[in-house]
Amino acid sequence: MQIFERINGFYLQNKKIFTNFAPEMSWEILNNYPKEQICIVSDKSLIRHAQWSAMPELADIPVLWLEVSEATKSLDTVAQIWDFMFAHHLTRRGLLICVGGGILTDLGGFAAATYKRGIQYINIPSTLLAMVDASSGGKTGINYRGLKNAIGAFAPPADTLIDPKWLKTLPAAQFLSGFAEILKTGLIERPDLLWDRLLQYDLDTMPLDSLTPMIEQCVAIKERIVQADPNEKGLRKALNFGHTFGHAIEEISISNAPISHGYAVVYGLIAELYLSVTKLGCPKEPLQQLTQLMLHYYGRPNCKCSDMEPLIALMQQDKKNERAAEINCTLIRSVGDPVINQVISPDDAREALDYLFSL
Ligand code: GLY
């Protein structure tokens, strides 16, 4: 399969990012695994990007093509991947290569983490969201009984191979969805590393290539945080900024008009920036700046006032909470100064949602 020929961006191995990744390096990586012990799992929508002729050595690696959506991020799909690996007699020395967006890498990573108590896997993210967030750091899992990522495991990939050229395959909405995670990372890091540059970045006119340094920066920031706190006991919670409200908004949208993760994260960031201002005295500028970006690129959330109480109930069930029924957020004191474990009341949540819905 020619997938590796596409990879001349950079890859992440043993906490290092290598730029100018050459296709030959894929051999170096794959040589660590018996050839007949490798399977690929990918997203059906990427079939047209897979070319089988250029690397005959890889052409006979079996590929499982999956229907990928939030609705299929389920145990049934994980079972399909397990069945595929059993059918190809993968042992514990086997390797699963996951090619796709964040849902696919979460599913594949979880299947690999649980198959025969865990085998190695490699991620090749095809979306911006997966490049800057989902494909590194080892969070894997599925949705369960309407709750996003409620079942899963921390299981880091052996490698993540990132080729920004995949971005050319992305529809605008998916691109914006990934950009939201870059915005989040910008807000929790020193402003000179990312946020200041993001404010100058014009998505309408800048060439895609100019995004590569920001992708690298995001991956490096995330990797540094994850190394310090792989199992999210403390510091890693900073990466959840915007996600307490964001996940609830994403979940509730499933029964209205489903929105993608990144759009929900932007709305969540607005609500949590609002609380950062009112509860921690964060300056108003980042809230105003993000509001401008939201209105220009993402539009308003399509929530209704009647969604308010269900949103609060969803936040009270968030898996990130330390105690049942509380609402736990990461907020910021200023750009680059995240504060984790901020418990907010339902009234605080209502006020932040009121603000968001009033924009
Ligand atoms: N998506 C946030 C994390 O990986 O911790």
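Counting starts at 1 for both ligands and their atoms, in listed order.
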Just say parallel, tilted or perpendicular for the rings of His243 and His247, cut-offs at 30° and 60°.
perpendicular
Sorted by chain and residue number, the side chain to side chain donor-acceptor pair (under 3.5 Å) partners of Ser260 (sequence neighbours excluded) come out as none
Would you list the atom pairs, donor with acceptor, under 3.5 Å between side chains in residues 93-106 and any protein atom, with sequence neighbours excluded?
from   : atom 1 : to     : atom 2 : distance (Å)
Thr105 : OG1    : Gly101 : O      : 3.4
Thr105 : OG1    : Gly102 : O      : 3.3
Asp106 : OD2    : Lys73  : NZ     : 2.8

Are the side chains of Val266 and Tyr297 in touch, meaning some heavy atoms are under 4.5 Å apart?
no
Heavy-atom pair of closest approach, residues Cys282 and Pro286:
SG-CG, 4.3 Å
Salt bridge (charged side-chain N to carboxylate O under 4.0 Å, His left out): which pairs involve residues 113-122, sequence neighbours left out?
none
Mind jotting down which protein residues get a heavy-atom contact under 4.0 Å with ligand 1? Chain and number order, please.
Asp133, Lys139, Lys222, Glu232, Arg236, Leu239
